[in-house]
Amino acid sequence: MQKANREDFLYGSFRASLKTTDVSGTVAAFFFYRNDTCEIDMESLSHIKNPWNTYFAVQPQIYNDDGTASNLTHEKSVLDFDPTTDFHEYRFDWTPSNVKFYIDGVKLYTMTTNIPDAPGRVILNHWSDGNPNFSEGPPAQKAILEVANMTVFFNTSDTKESLSCKNAKTACSIRDIMSQKIVPGYMLPANFVSLGGHTSSPNNSLYLQASLASLALLILSTKHIFAALF
């Protein structure tokens, strides 16, 4: 599991460039979390293929009379691509009134019920519990979730922090991550500078590896890309 050190995220745009595993039996999750009743989720189950799906949710969830999840707080989005062959940007924009879910810059769903209203942290993890009704598994072989980067544009609940943007005379320019194609193996323009002054390189990748029976975090290259983007 990889998570932000800070726990004061309160509204913003949260984005991760991911390539999910093609090994069945795991869940790739990108989410905001304060507690079990204050959460925003994007989850991809690797056993669901052809077509592939990503689940969007807020917590607490609402359930229909038949026990199924209500689309007020839960939605299954069918993907028109194979997420295991290339990196794609998973994103949720959180405001006081709604949460909007995007993939590759395309808005796919909006929720307006049970929207979190308290600060928390942002987490990426890759897990399996062998639940036949959800994750299935555990995977029969190593399953890897590859993370090219994660970028967060956010408000903070920390009133003691001095923010440089307060002194800015003009609004900051925010570049969309996917327009720059910041993924391993791609050469960025020489003048490109990402948040924190770091640039991406072919080796700036993070891998989350699910073992046969449990989950472990394996970092194959630098960690600073996460620290820089927070």
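Quick caveat, the model's predicted, so the values are computed rather than measured.
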*Decide yes or no for F101 and I40: does some side-chain heavy atom of the first lie under 4.5 Å from some side-chain heavy atom of the second?*
yes
*Side-chain contact test, heavy atoms from C-beta onward, threshold under 4.5 Å: evaluate it for I103 versus F81 and give yes or no.*
yes
*So, do Y55 and H74 have ring centers that fall under 6.0 Å from each other?*
yes
*Describe, in one word, how the ring planes of W94 and F14 are oriented to each other, choosing from parallel (under 30°), tilted (30 to 60°) and perpendicular (over 60°).*
tilted
*If every non-hydrogen atom of L45 is compared with every non-hydrogen atom of S135, which pair is closest and at what distance?*
CD2-N, 4.5 Å
*Can you check whether F31 reaches E39 side chain to side chain, under 4.5 Å on heavy atoms?*
yes
*State, yes or no, whether a side-chain contact exists between L124 and M150 at a heavy-atom distance under 4.5 Å.*
yes
*Going from CG on N125 to CG on L145, what distance comes out if it is rounded to the nearest 0.5 angstrom?*
9.0 Å
_Single-linkage hydrophobic cluster L79~Y109, side-chain heavy atoms < 4.5 angstrom_ = yes
*Short question: side chain of N64, backbone of D66 - any donor-acceptor pair under 3.5 Å?*
no
*asked:* Run T54 and S44 through side-chain hydrogen bond (donor to acceptor under 3.5 Å, both in side chains) and show every step you take.
replied: CA-CA 5 Å; T54 294; S44 299; 3.1 Å; yes
_Quick one: does any side-chain atom of D104 pair with a main-chain N or O of H88 as donor and acceptor, under 3.5 Å?_
no
*Please step through side-chain hydrogen bond (donor to acceptor under 3.5 Å, both in side chains) for the pair R15 and S17, ending with a clear verdict.*
CA-CA 7 Å; R15 313 172 186 198; S17 182; over 6 Å; no
*Any sub-3.5 Å donor-acceptor pair from T95's side-chain atoms to N98's backbone N or O?*
yes
_Side-chain donor or acceptor of R34 paired with backbone N/O of P119 under 3.5 Å_ = yes
*Verify, without hydrogens or angle tests, whether D41 (side chain) and E43 (backbone) share a donor-acceptor contact under 3.5 angstrom.*
no
*Indicate yes or no for a side-chain donor-acceptor contact from T73 to the backbone of A57 under 3.5 Å, with no hydrogens or angles considered.*
no
*Under the side chain to side chain contact (heavy atoms under 4.5 Å, CB included) criterion, do R91 and S13 qualify, and how do the steps go?*
CA-CA 7 Å; R91 164 185 164 190; S13 182; 3.6 Å; yes
*Could you tell me which non-hydrogen atom of N53 sits nearest to which non-hydrogen atom of K76, and how far apart they are?*
ND2-CD, 3.5 Å
*Out of curiosity, Q61 CD to T37 OG1, how far, rounded to the nearest 0.5 Å?*
12.5 Å
*In Å and rounded to the nearest 0.5 Å, what is the CZ to OG1 distance from F56 to T110?*
10.0 Å
*Side-chain contact, heavy-atom cut-off 4.5 Å: V122 with Y33?*
no
*Under 4.5 Å between side-chain heavy atoms, hopping through other hydrophobics if needed: is there a path connecting F134 to I48?*
yes
*V99 and D93: side chain to side chain contact (heavy atoms under 4.5 Å, CB included), yes or no, with the steps?*
CA-CA 6 Å; V99 176; D93 289 359; over 6 Å; no
*Should Y90 and L108 be counted in the same cluster of Ile, Leu, Val, Met, Phe, Trp and Tyr side chains packed under 4.5 Å apart?*
yes
*Can you tell if the side chain of L10 reaches within under 4.5 Å of the side chain of F154, non-hydrogen atoms only?*
no
*Does any N or O in the side chain of H126 come within less than 3.5 Å of the main-chain N or O of T20, such that one atom is a donor and the other an acceptor?*
no
*Roughly how far apart are E75 CD and M111 CE, rounded to 0.5 Å?*
6.5 Å
_Would you say that more than 12 heavy atoms from the other residues, nucleotides or ligands in this model lie under 6.0 Å from the CG of D65, or not?_
no
*asked:* Hydrophobic clusters here meaning ILVMFWY residues chained together by side-chain heavy-atom distances under 4.5 Å, can you tell me if V27 and V78 are in one?
replied: no
_Side-chain heavy-atom pair P96, Y11 within 4.5 angstrom cut-off_ = yes
*What heavy-atom pair brings A118 and F32 nearest, and what distance separates the two atoms?*
O-CZ, 3.3 Å
*Taking all non-hydrogen atoms of both residues into account, name the closest pair between E89 and G105 and its distance.*
OE1-N, 3.9 Å
*When rounded to the nearest 0.5 angstrom, what distance separates CD1 in I115 from CG in D117?*
10.0 Å
_Student check: side-chain heavy atoms of F87 and L18 closer than 4.5 Å_ = no
*Following the transitive rule for hydrophobic clusters with a side-chain heavy-atom cut-off under 4.5 Å over Ile, Leu, Val, Met, Phe, Trp and Tyr, establish whether V23 and V147 coincide in one cluster.*
no
*If you take all heavy atoms of P83 and W52, which pair is closest and at what distance?*
CD-CG, 3.4 Å
*asked:* Is it the case that the side chain of N114 and the backbone of Q59 share a donor-acceptor pair, with hydrogens and angles ignored and the cut-off at 3.5 Å?
replied: no
*Which atom pair, heavy atoms only, marks the closest approach of S46 to K49?*
O-CE, 2.9 Å
*Atom CD1 of I144 and atom OG1 of T84: how far apart are they, to the nearest 0.5 Å?*
12.5 Å
